[in-house]
Protein chains: 2
Amino acid sequence: MSNKVSIKDIAKIANVSIATVSNVINGTGRVSADTKNKVNKVIQELQFVPSASARSLKDKNSHLIAVVVPFVEKGILQDNPFYWELVRGVENGARNHEVQVILLGIDEHEDFSFVRGRHLDGLIVVGVYEQSPAYRKILSLGVPCVFLDSYLSDPALYQVDLDDEAGGYLGTKHLIGLGHRAIAVLTGRLEQGGVNYFRYQGYLRALRESGIPENPDLVLEIDSSIQGGYQAAQRLGHHKDGITGVFAFSDVSAMGLIRGMHDIGMRVPEDVSVVGFDDIFYTQYMIPSLTTIRQDIVSKGQAAVTMLLDQINGTATTSRRVTVPVSLIVRQSTNSFRKI
Amino acid sequence: MSNKVSIKDIAKIANVSIATVSNVINGTGRVSADTKNKVNKVIQELQFVPSASARSLKDKNSHLIAVVVPFVEKGILQDNPFYWELVRGVENGARNHEVQVILLGIDEHEDFSFVRGRHLDGLIVVGVYEQSPAYRKILSLGVPCVFLDSYLSDPALYQVDLDDEAGGYLGTKHLIGLGHRAIAVLTGRLEQGGVNYFRYQGYLRALRESGIPENPDLVLEIDSSIQGGYQAAQRLGHHKDGITGVFAFSDVSAMGLIRGMHDIGMRVPEDVSVVGFDDIFYTQYMIPSLTTIRQDIVSKGQAAVTMLLDQINGTATTSRRVTVPVSLIVRQSTNSFRKI
DNA sequence: CTGAAAGCGCTTACAG
DNA sequence: CTGAAAGCGCTTACAG
């Protein structure tokens, strides 16, 4: 019995036309107060809820957006609470605008056909690159998009990015300030123009500023995961260059790294200082707590929704590019070089 | 231009009726191979995708399900990677069945009206209780549901639960086996028939079995969060009963606890042994790594989807209640009592 | 201020 | 094997 009642039923009972019912519901047209009350009462009584499908069949918009998150394993979203926080932010931003959020984990075979099939109003896309197969497909959809952490060069695209270069700089500078000179980097895929690329640029700038020559041996391109970080510890531990500082470009990898260090008998921060990136919820509870680059992930998600809806509604007065600031949070995982 | 092409356009170009096009798309009716090919070719060329709204307007089903996750802060989903893993599992299960997943974070005011409005095929509901305001509302929707971690007594309900009692028992037994007798419990809301309730029952059973009298002072009902665990450490540290073992009913609270212990100078596991619950992705990378009760969260999510779709499609031969097993994972956070 | 009618893009009997 | 037609539940000009 639940879904049977339609605008027609309301019209019949309230003794008006369906057009009037529609007008009442949408606040469109001119309807007398009396009629309005009468109709609203019936709507109340029958607990009427308009059909979204019928609406979007007419309107062409669905009040549905999707968050697109890249895959790692076939069909499985990244094992990183970072994404959860981001998605939370999006969901939270959307609920204030009566829009629902579809969660879409993509792999390289995703064809996005359901985006058109469902008349999605827009997409929030996380972490694609210009070279990603998904990138062209998404653009060809002709649907409003906001890209998160994607660093696409096309200035026409709406993007919310982090000031990654500054993050890379700040973390490195911090280590240098503590006296470290052999500073390794744990980075995810180092693609031109990608997130990690900019963090790395910041790292290089800090080195340059302090006259420290860059050393390619110190750059470890790893899986940006907890396992990736763990494995990196082995490589760093036996490194010829006497590394005393490591900058991991994600907190999850930093966590793996610290554990890995611990297992080969290197102490953090006594032997090696470690800086992370993201400021995931657990960083301050780690032992040692993690010095890291903070970004406000939830509000980033919210910003993306706002931007997307502005774009959809044509109220896009905001600029097409928002860069979220970062800050350094100093905790216990970093220490002065050779301090005893 | 993207969304303009409809079944009508295909029909015109292919020189057939729209009914035939529809039959080709759905594999219904009888269509000659020739016609089929012709139509399919046109569909290919025009990149035609059927409109989901038009379909669900007829069919009454939308191929859309929602994952309903309880709020903590107003509109903000729980700060616990557990939910992320669960949602991942659901998303993953759904994508294999051409169903999309809407993410819905609810607070006590949620009225679920969009469930009917959108003709959602079903709901996967996480962690409600019989007393939850959401519970009655959801039932009155008359929509297929699968409840996760909800322990509802109505046998007609489809549920995927964990063997929490066994989990509580196993963890406690493990501590007792190591010689601990003053074993505290860190539990979230201890509602009759809720997740924590059963874990607690398991704890009591283990105590009873070993002739250890239960001590209400040792049961700390806390916020099941990392902060909650942290704060609990203060209380436990100065506890009069000389606690040597703690069983935290979630890994996040265990993490907070261990850090809290550390901060007041109690070593884990030397002074206190700690057991967690969930086996979140980071547990084995903690220092010390966490002894915990493992559940396969992702496959739990997948099981829920399967169950839901079986129910929707009327192929529900499976029983209405699935209980996922747990196991004890022994790591470094537990140690023999007074071992030196 | 109110209503009749067309049409959004499909599916589904029903003829032929 | 194929097509004409009705109808799902809305919204939107257009009359009146």
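We name chains A, B, ... by the order of the sequence lines, and we start the count at 1 in each one.
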J.: Counting only heavy atoms not in A/R189 (residues, nucleotides, ligands), do more than 12 fall under 6.0 Å from its CZ?
T.: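 No, the 6.0 Å shell around CZ holds no more than 12 heavy atoms from other groups.
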J.: Taking only N and O in the side chain of B/N23, is any of them less than 4.0 Å away from OP1 or OP2 of C/dT11?
T.: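 For B/N23, the contact criterion (side-chain N or O under 4.0 Å from OP1 or OP2 of C/dT11) is not met.
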J.: Taking only N and O in the side chain of A/T35, is any of them less than 4.0 Å away from OP1 or OP2 of C/dT2?
T.: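 Yes, within the criterion.
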J.: Over how many whole Å does the gap from A/R116 atom CZ to C/dG9 atom C1' extend?
T.: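 After rounding, the gap between these two atoms is 14 Å.
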J.: Rounded to whole Å, please give me the gap between CD1 in B/I10 and P in C/dC10.
T.: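 Answer to the nearest Å: 9 Å.
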J.: Would you say A/D161 and A/T323 are linked by a side-chain donor-acceptor pair, where the criterion is simply a distance under 3.5 Å?
T.: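 The criterion, which ignores hydrogens and geometry beyond distance, is not satisfied for A/D161 and A/T323.
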J.: If you check the B/T20 side chain, which of D/dG3, C/dT2, C/dC8 turns out closest?
T.: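 Per side-chain heavy atoms of B/T20, the pick is D/dG3.
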J.: Could you tell me whether the phosphate oxygens of C/dT11, OP1 or OP2, come under 4.0 Å of any side-chain nitrogen or oxygen in B/R55?
T.: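 Yes, within the criterion.
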J.: Expected output check: what is the dot-bracket annotation of DNA chain C, where ( ) and [ ] are pairs inside the strand (brackets for crossing ones), | is paired with another strand, and pairs are Watson-Crick or G-U under 3.5 Å?
T.: |||.||||||||.|||
J.: Write down the distance between NE2 (B/H119) and P (D/dG9), rounded to a whole number of angstrom.
T.: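 From B/H119 NE2 to D/dG9 P: 8 Å.
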J.: Considering just the side-chain nitrogens and oxygens of B/S22, establish if one lies under 4.0 Å of OP1 or OP2 belonging to C/dT11.
T.: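 Yes, within the criterion.
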J.: Quick check on C/dG9: is either OP1 or OP2 less than 4.0 Å from any side-chain nitrogen or oxygen of A/K58?
T.: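 A/K58 to C/dG9 OP1/OP2: no side-chain N or O under 4.0 Å.
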J.: Just how far, in rounded Å, is P of C/dT11 from CG of B/L57?
T.: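 Roughly 11 Å, once rounded to whole Å.
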J.: Verify the contact: side-chain N or O of B/K60 to OP1 or OP2 of C/dT11, cut-off strictly under 4.0 Å; return yes or no.
T.: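 False: B/K60 side-chain N/O out of range (4.0 Å or more) of C/dT11 OP1/OP2.
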J.: Are A/E108 and A/K137 close enough for a salt bridge, meaning some N to O gap below 4.0 Å?
T.: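 Looking at A/K137 together with A/E108, the answer is no, because their closest N to O distance does not fall below 4.0 Å.
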J.: Take atom CG of B/N61 and atom C1' of C/dC10, then tell me their distance rounded to the nearest Å.
T.: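 For the pair B/N61 CG and C/dC10 C1', the rounded distance is 13 Å.
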J.: Distance check: side-chain N/O of A/S32 vs OP1/OP2 of C/dT2, anything under 4.0 Å?
T.: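 True: A/S32 side-chain N/O within range (under 4.0 Å) of C/dT2 OP1/OP2.
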J.: Please report the distance, rounded to the nearest Å, between CD1 in A/I7 and P in C/dT2.
T.: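 So the two atoms are 15 Å apart, to the nearest Å.
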J.: Side chain of A/A19 only, please: which of C/dT11, D/dT12, C/dC8 is the nearest?
T.: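 Of the candidates, D/dT12 comes closest.
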J.: Using a distance-only test with no angle check, is there a side-chain donor-acceptor pair under 3.5 angstrom linking B/S56 and B/S62?
T.: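 Side chains of B/S56 and B/S62: no pair found under 3.5 Å.
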J.: Applying a 4.0 Å non-hydrogen cut-off, can you work out what A/I25 is touching in the nucleic acid: base, sugar-phosphate, or nothing?
T.: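 Result for A/I25 = nothing.
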J.: Report the distance from atom CZ of A/R30 to atom P of C/dC1, rounded to the nearest whole Å.
T.: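 Distance, rounded to whole Å: 5 Å.
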J.: Counting only side-chain heavy atoms from C-beta out, which of C/dA4, C/dC10, D/dG9 sits nearest to B/F48?
T.: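 Closest of the options to the side chain of B/F48: C/dC10.
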J.: Find which nucleotide of DNA chain D each of A/I18 and A/K8 is nearest to by heavy atoms, and output the residue with the more 5' nucleotide.
T.: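 Mapping each residue to its closest nucleotide by heavy atoms, the 5'-most match is A/K8.
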J.: At less than 4.0 Å, is any side-chain N or O atom of B/S17 found next to OP1 or OP2 of D/dG3? Yes or no.
T.: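 True: B/S17 side-chain N/O within range (under 4.0 Å) of D/dG3 OP1/OP2.
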J.: Should B/I102 and B/V67 count as side-chain neighbours, where that means a heavy-atom distance under 4.5 Å?
T.: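 B/I102 vs B/V67: side chains apart.
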J.: Can B/R118 and A/Q100 be counted as having a side-chain donor-acceptor contact under 3.5 angstrom?
T.: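 There is such a pair between these side chains.
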J.: Can B/E130 and B/R136 be counted as an ion pair, charged N to O under 4.0 angstrom?
T.: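 Salt bridge flag = no for B/R136 with B/E130.
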J.: Tell me, which pairs form a side-chain hydrogen bond (donor to acceptor under 3.5 Å, both in side chains) where one or both residues lie in residues 34-49 of chain B, sequence neighbours left out?
T.: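 side-chain hydrogen bond (donor to acceptor under 3.5 Å, both in side chains) check on residues 34-49 of chain B returns B/S32-B/T35.
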J.: Rounded to whole angstroms, how far apart are CG on B/D9 and C1' on C/dG7?
T.: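 Between C1' of C/dG7 and CG of B/D9: 15 Å.
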